[in-house]
Amino acid sequence: MATFEEFLNIDIRVGQIIKAENFAEARKPAYKLTIDFGPEIGTKKSSAQITKHYTTAQLAGKLVLGVINLQPRQIGPFLSEVLTLGVPDANGDVVLIAPDPHGAKPGGRMF
């Protein structure tokens, strides 16, 4: 079981998707996301297997939650810098976890 102090080591922040594009080279259908995490952190890239529920057009401007302090992960030719958080639906497809949009701003830390 993790302690509260260990949990605090995971840095989960609000980000706003500023660009989403198809990730044609991925083994499973995915998008390449560019996410703005505010002025302190800046923009980060993420690969996300969220094609079942979202189009690239629907993702532009969407607020998401991302873990920003994990090691970057090479996914084919793409370096994913952030883990964009989601949960499975009844079929196992990813549904994004998003903050309530009322006042959530890019860069806000989850607590």
Side-chain angles (χ1 to χ4, degrees):
M1 183 173 292
T3 67
F4 185 71
E5 288 74 26
E6 290 169 329
F7 171 75
L8 291 176
N9 287 329
I10 304 298
D11 195 352
I12 300 172
R13 302 279 181 133
V14 175
Q16 185 170 32
I17 298 173
I18 56 175
K19 182 177 169 185
E21 56 189 322
N22 288 318
F23 187 2
E25 304 89 355
R27 278 188 258 154
K28 295 181 181 179
Y31 294 134
K32 293 189 270 187
L33 306 177
T34 302
I35 306 171
D36 176 13
F37 285 96
E40 180 185 330
I41 297 156
T43 59
K44 300 280 186 180
K45 306 256 187 217
S46 181
S47 172
Q49 295 175 356
I50 55 174
T51 60
K52 293 284 185 183
H53 292 292
Y54 308 95
T55 66
T56 55
Q58 290 172 319
L59 291 168
K62 184 167 184 56
L63 293 177
V64 294
L65 293 177
V67 181
I68 64 162
N69 66 337
L70 293 176
Q71 293 273 351
R73 186 169 179 195
Q74 191 73 43
I75 302 173
F78 184 74
L79 185 65
S80 186
E81 303 169 295
V82 173
L83 175 62
T84 305
L85 297 177
V87 294
D89 68 7
N91 296 317
D93 298 314
V94 180
V95 177
L96 291 170
I97 297 174
D100 188 315
H102 301 289
K105 295 193 308 191
R109 186 169 181 168
M110 188 185 86
F111 56 86

For Phe4, check side-chain contact (heavy atoms from CB on, under 4.5 Å) against everything at least two apart and list the hits.
->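 If we apply the side-chain contact (heavy atoms from CB on, under 4.5 Å) test to Phe4, skipping adjacent residues, the hits are Phe7, Leu8.
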Compare every heavy atom of [Y] with every heavy atom of [X], then report the nearest pair and how far apart it is.
{"X": "Ile50", "Y": "Tyr31", "value": "CG1-CD1, 3.7 Å"}
{"X": "Arg13", "Y": "Gly107", "value": "NH1-O, 2.9 Å"}
{"X": "Ala20", "Y": "Leu33", "value": "CB-CD2, 3.7 Å"}
{"X": "Ala30", "Y": "Ala26", "value": "CB-CB, 4.1 Å"}
{"X": "Ser47", "Y": "Phe78", "value": "N-CE2, 3.7 Å"}

Same apolar cluster (I L V M F W Y, side chains within < 4.5 Å links), [X]/[Y]:
{"X": "Val14", "Y": "Ile12", "answer": "yes"}
{"X": "Phe37", "Y": "Leu96", "answer": "yes"}
{"X": "Ile41", "Y": "Ile17", "answer": "yes"}
{"X": "Leu70", "Y": "Leu79", "answer": "no"}
{"X": "Tyr54", "Y": "Ile18", "answer": "no"}

Summary of side-chain hydrogen bond (donor to acceptor under 3.5 Å, both in side chains) pairs that have at least one residue in [range], sequence neighbours excluded:
{"range": "residues 85-105", "result": "His53-Asp89"}
{"range": "residues 63-84", "result": "Ser46-Thr84"}
{"range": "residues 14-30", "result": "none"}

I'd like a table of donor-acceptor pairs (distance under 3.5 Å, sequence neighbours excluded) in which one partner is a side-chain atom from residues 59-68, with atom names and distances.
none

List for me each residue that meets side-chain hydrogen bond (donor to acceptor under 3.5 Å, both in side chains) alongside Lys45, sequence neighbours excluded, and say none if there are none.
-> Thr34
